[in-house]
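Note sheet for the following structure.
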Number of protein chains: 2
Amino acid sequence: MSKTSRGGAAPSAGRATIHDVARIAAVSTATVSRVMSGGKPVSTEVTDRVRAAAREVGYRPNPAAQTLLRGRSQTIGVVAPDLGNPYFAEILKGVAAEAAEVGHHTLVAGTDEDPEREYRSALELARWVDGLLLCAPRMSTPRLKEVAAASRSLVLINRVLRHPSIGAVVVDYSEGVKVLCEHLAGFGHERIVYLEGPPNAWSDRQRQRGFRTAEALGQTVIPIPCGSAMQDGYATADEALKHQPTAVIAFNDHVALGVFTRLRELGIDVPGELSLIGIDDAPMSAHTDPGLTTFAVSTVDLGRLAWQKFTSDPGAGVVHLSGSLVVRGSTGPAPRKRRRATKR
Amino acid sequence: MSKTSRGGAAPSAGRATIHDVARIAAVSTATVSRVMSGGKPVSTEVTDRVRAAAREVGYRPNPAAQTLLRGRSQTIGVVAPDLGNPYFAEILKGVAAEAAEVGHHTLVAGTDEDPEREYRSALELARWVDGLLLCAPRMSTPRLKEVAAASRSLVLINRVLRHPSIGAVVVDYSEGVKVLCEHLAGFGHERIVYLEGPPNAWSDRQRQRGFRTAEALGQTVIPIPCGSAMQDGYATADEALKHQPTAVIAFNDHVALGVFTRLRELGIDVPGELSLIGIDDAPMSAHTDPGLTTFAVSTVDLGRLAWQKFTSDPGAGVVHLSGSLVVRGSTGPAPRKRRRATKR
DNA sequence: TTGAAAGCGCTAACAG
DNA sequence: CTGTTAGCGCTTTCAA
């Protein structure tokens, strides 16, 4: 009769080793290993004995030992500029969900938009993980290549790099901006302020590329430095107005929402006096009044795609994720006369 | 003369072992180890040789081997119901930042609000990590104790449990609700609908506890099942109105924002006809029109406190984080006559 | 100050 | 089908 404690009470701790189990079941550690990993030829009688012993002591294989032996940790690393930003949070959610589905773990690191920390975190995580996912990396290209060399597998989100071992999943923001500009053109907008994202964001450059189309459409685009957070939009709104645009396109929805608030404070009617557009379609954007016109992107899909890139097609190659125009109430016909500049 | 490649070009890969370094530097692996870990007595000449060799091959110690030997992985695990929810995303951000500060890593797992997945994820992560942080865990108390037994160290966020080895960091939501109700009482509100959070949320029960005070204040509180997301609030708004409240308190700001949208659709004036209150002070809440009155909580601090609980004071004990009332435009005097119920 | 050797917990040959 | 052995990469005695 086994000594198994009744009622499945919690076994001491995760401290039991394979030796303990082997001793109790009166078999070799090899046999225990065979039973635990499954699919190996072991008699049912022994299997039962081992399982009972394992349950008794609450045995769980030590992952460090497994990793050491196998050379793979079943872990993926995710590095993002800001873990608190819903955009990256949802990417992480998507990746972690897919990874967990097949028994992989997810290690994370936030960099606070600091390229130096980003570089160091990436190198650090690379020691541990089987694959590294860098979200919107801000570091230099040479360093990115260094990270690639130090990683078993590297995938980028929203940045591309011609390199044999660096894959990427990117949103086609260039196309997005083009669609947005066309939408505005349909409303007769000819003078647009673009609120730029963080300095080293590749995806910002893609957006800027999209504006070339706008200029071909006869629109004037005035880019001004801003950022990626709500408060950046709020703080830059006055500056944007000085250029007397009839429409503002923000780096993303958060920024647009910040602008929105400032416009309301100034008593400027949206879209009557000014049309406002975001990018990414944050959850909130459907809940403002008026709703925010935006270029919608499925962030969770971004994460899922990134995971698939790892498993299905490691190495070079770029997966494109397209978005779609979502027209809500924040855009409308350009006003007849341009707004006067507000006093600062 | 060393063979070091010029210009710091990326060394082959993270494949170099301590043996490679030892061979190149013509020393034993023990010496390499001593140099790498530092603080050990090694001649400067040998130190230099080892460092050069390590740099040359891009040597980085294998963390699995270190973990196996040391019995600690320098890693913390974070489990949350929804990684995409800004509330948990910010907690994660806080924890990860603190952990990284001292060279620790952060492993994450989302559970999609599923207590079963939560339990399994926790047990799984426990094998790896030095400490486990469970955010708003939904699993049963016995299972929580099981997880505690399997973990080296366990800290809960927004749930308490009398157990010698389970610590907790909690927001005082009971007090928060009390403050909110007093605020409403000042405006003459006597009939309040409370939109409940997820079924197994301990923090929801704390809120409900807070409402007892309200009832002592002569207010009637009608709790109705809702959820934690914006769409939950949107979907439950009509139901809430049926009870003809003069004020609605939502489980959190997201829910309140969802309600807000529905109220706007229905043409109900906030706060003229109905006062609306959230909890947690999400970033958006300052950017709606009118702004959302709420009970503000610093989520990043929650994460930081959780980390400190691990390092400074493992084991039992509850750290309380208090919040504060933030009055914005969504609350005002109760209307003279109650709203008629809207047709469904 | 340095090296040799043992062993962390586990799995994969290789025998039997 | 099962046990023995070797060794993953590293750190840490113990000697020299």
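First the proteins, then the strands, lettered A, B, ... as listed; each starts at 1.
- Applying the salt bridge (Lys or Arg N to Asp or Glu O under 4.0 Å) test to every pair with at least one member in residues 88-97 of chain B, sequence neighbours left out, gives these pairs: Asp82(A)-Lys93(B).
- Not a single side-chain hydrogen bond (donor to acceptor under 3.5 Å, both in side chains) links Trp307(A) to another residue, sequence neighbours left out.
- Legend: residues meeting salt bridge (charged side-chain N to carboxylate O under 4.0 Å, His left out) with Asp112(B), ordered by chain and number and at least two apart, are Arg117(B).
- Within the structure, salt bridge (Lys or Arg N to Asp or Glu O under 4.0 Å) contacts touching residues 63-76 of chain B (residues at least two apart or in different chains) do not occur.
- Screening residues 20-45 of chain A for salt bridge (Lys or Arg N to Asp or Glu O under 4.0 Å), with sequence neighbours left out, gives Asp20(A)-Arg23(A), Glu45(A)-Arg49(A).
- Partners of Thr111(B) under the side-chain hydrogen bond (donor to acceptor under 3.5 Å, both in side chains) rule, at least two apart in sequence or in another chain, do not exist in this structure.
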Summary of protein contacts for nucleotides 6-13 of chain D, nucleotide by nucleotide, where a base hit scores B, a sugar-phosphate-only hit scores S (4.0 Å, heavy atoms): -BBBBBB-
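- Relative to the axis of its first five pairs, the axis of the last five pairs of the helix from dT1(C)-dA16(D) to dG16(C)-dC1(D) sits at 40°, rounded to 10 degrees.
- Residues that satisfy the side-chain hydrogen bond (donor to acceptor under 3.5 Å, both in side chains) test with Arg304(A), not counting sequence neighbours, are Glu98(A).
- Contacts of Arg51(A) classified as salt bridge (charged side-chain N to carboxylate O under 4.0 Å, His left out), with partners at least two apart in sequence or in another chain: none.
- Under the rule for a side-chain hydrogen bond (donor to acceptor under 3.5 Å, both in side chains), the partners of Ser203(B) that lie at least two apart in sequence or sit in another chain are Arg207(B).
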Residues Val170(A), Val160(A); criterion side-chain contact (heavy atoms from CB on, under 4.5 Å); working and verdict: CA-CA 8 Å; Val170(A) 301; Val160(A) 304; 3.5 Å; yes
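- Protein chain A touches strand DNA chain C; the 5'-most and 3'-most nucleotides with an atom under 4.0 angstrom of its non-hydrogen atoms are dG9(C) to dA13(C).
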